[in-house]
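Written below as structure tokens is the structure these notes are about.
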Amino acid sequence: MSGRTTALTPPDDAGPPVRHPDAPAPGEIIGSHYEYCFGCGPAVPHGLHLETRAGEGVRVTAEFRVKEAHQGAPGLAHGGVLATALDETLGGLGWLLRVIAVTGRLETDFVRPVPVGTVLYLDAEVLAVHGRKIYCTATGRVGSPEGPVAVRADAMFVEVKIDHFIENGRPAEIKAALADPDQVKVARAFEVNP
């Protein structure tokens, strides 16, 4: 992607991403990692409700329908909401690497307006990995997965341990998430960027 900043350019000794053998199969819906996540959670009425789908290699896709609650200017999606959709989609890449990662840096370009009612087709992929840093890119297209680019982002995620969430999250939510009797649900709550 042209214009990538130095902080988002993988170093020369970065390695290629490697899809984990236990990653979701291509075409499989990854699902929400936490019911109260603004990006993918079903319990947030005005959330984005993204459903991320595993792709080939180390790639994911998602679709986001812009609703009235997502407006910035009259009839148009808010830029911050579009950046959130890109960030959430990029966060889904961790499922393919099987690492817990958080957004370290996100640089977004807004190419064209996205009207309310539009479906934004999102596509993200990991470009390289260097230590704990994961370099990735995403695009959002209107009309179809091959439609014109409306937004795009370059990002660098950082692999973290579960302690990152436990030490920094609001105690009530952390305690509730950890107390859930469904241990798979507990693990998923902390597997994707906050």
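When reading the values below, keep in mind they use all heavy atoms of this one structure, side chains included, and skip hydrogens, waters and symmetry mates. Everything numeric here is computed off the predicted structure, so don't read it as measured data.
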Open item on the list: For the backbone of A153 and the side chain of T137, can you confirm whether one donor and one acceptor N or O come within less than 3.5 Å of each other?
Closed with: yes
Task: For V129, all residues meeting side chain to side chain contact (heavy atoms under 4.5 Å, CB included), sequence neighbours excluded - done: P17, V126
Task: Partner set under side chain to side chain contact (heavy atoms under 4.5 Å, CB included) for P115, not counting sequence neighbours - done: L76, T118
- [ ] Using the ring-ring contact (aromatic ring centres under 6.0 Å, His included) rule, collect all pairs that involve residues 46-87, keeping only residues at least two apart or in two chains.
- [x] F64-H70
- [ ] Report whether L90 and F38 are members of the same hydrophobic cluster (ILVMFWY, side-chain heavy atoms less than 4.5 Å apart, transitive linking).
- [x] no
Task: N/O donor-acceptor pair under 3.5 Å between T103 side chain and R105 backbone - done: no
Open item on the list: If hydrophobic clusters are built from ILVMFWY residues whose side chains come within less than 4.5 Å, do F157 and W95 share one?
Closed with: yes
TODO: For residues T89 and A124, report the shortest heavy-atom separation together with the two atoms involved.
DONE: CG2-CB, 3.9 Å
Task: T139 vs V151 side-chain heavy atoms within contact, under 4.5 Å - done: no
- [ ] Over all heavy atoms of both residues, which pair between L48 and G39 is shortest? Give the atoms and the distance, please.
- [x] CB-O, 3.4 Å
TODO: State, yes or no, whether a side-chain contact exists between H20 and L97 at a heavy-atom distance under 4.5 Å.
DONE: no
Task: Residues forming a salt bridge (Lys or Arg N to Asp or Glu O under 4.0 Å) with R59, sequence neighbours excluded - done: D123, E125
Task: ring-ring contact (aromatic ring centres under 6.0 Å, His included): pairs with one or both residues in residues 100-151, sequence neighbours excluded - done: none
Task: Check: Q71 side chain, E68 main-chain N or O, donor-acceptor pair, under 3.5 Å - done: yes
Less than 3.5 Å apart, which donor and acceptor atoms pair up between the side chains of residues 141-148 and the rest of the protein, not counting sequence neighbours?
residue : atom : partner : partner atom : Å
R141    : NH1  : G147    : O            : 2.8
S144    : OG   : E146    : N            : 3.1
S144    : OG   : G147    : N            : 3.1

- [ ] Determine the minimum heavy-atom distance between P24 and I30, stating which atoms define it.
- [x] CG-CG1, 4.1 Å
Open item on the list: Let me confirm one number: the CG-CG distance from L122 to L50, rounded to the nearest 0.5 Å.
Closed with: 6.5 Å
Task: Neighbour count >12 (heavy atoms, 6.0 Å) for atom CG, D13 - done: yes
- [ ] List the atom of I134, the atom of A101, and the distance in Å for their closest heavy-atom pair.
- [x] CD1-CB, 4.0 Å
Open item on the list: If you compare all heavy atoms of A83 against all heavy atoms of T108, which two are closest, and at what distance to 0.1 Å?
Closed with: CB-OG1, 4.0 Å
Open item on the list: Would the distance check show the side chain of R132 and the main-chain N or O of E159 forming a donor-acceptor pair, the cut-off being under 3.5 Å?
Closed with: yes
Open item on the list: Has R152 got a side-chain atom pairing as donor or acceptor with D109's backbone, closer than 3.5 angstrom?
Closed with: no
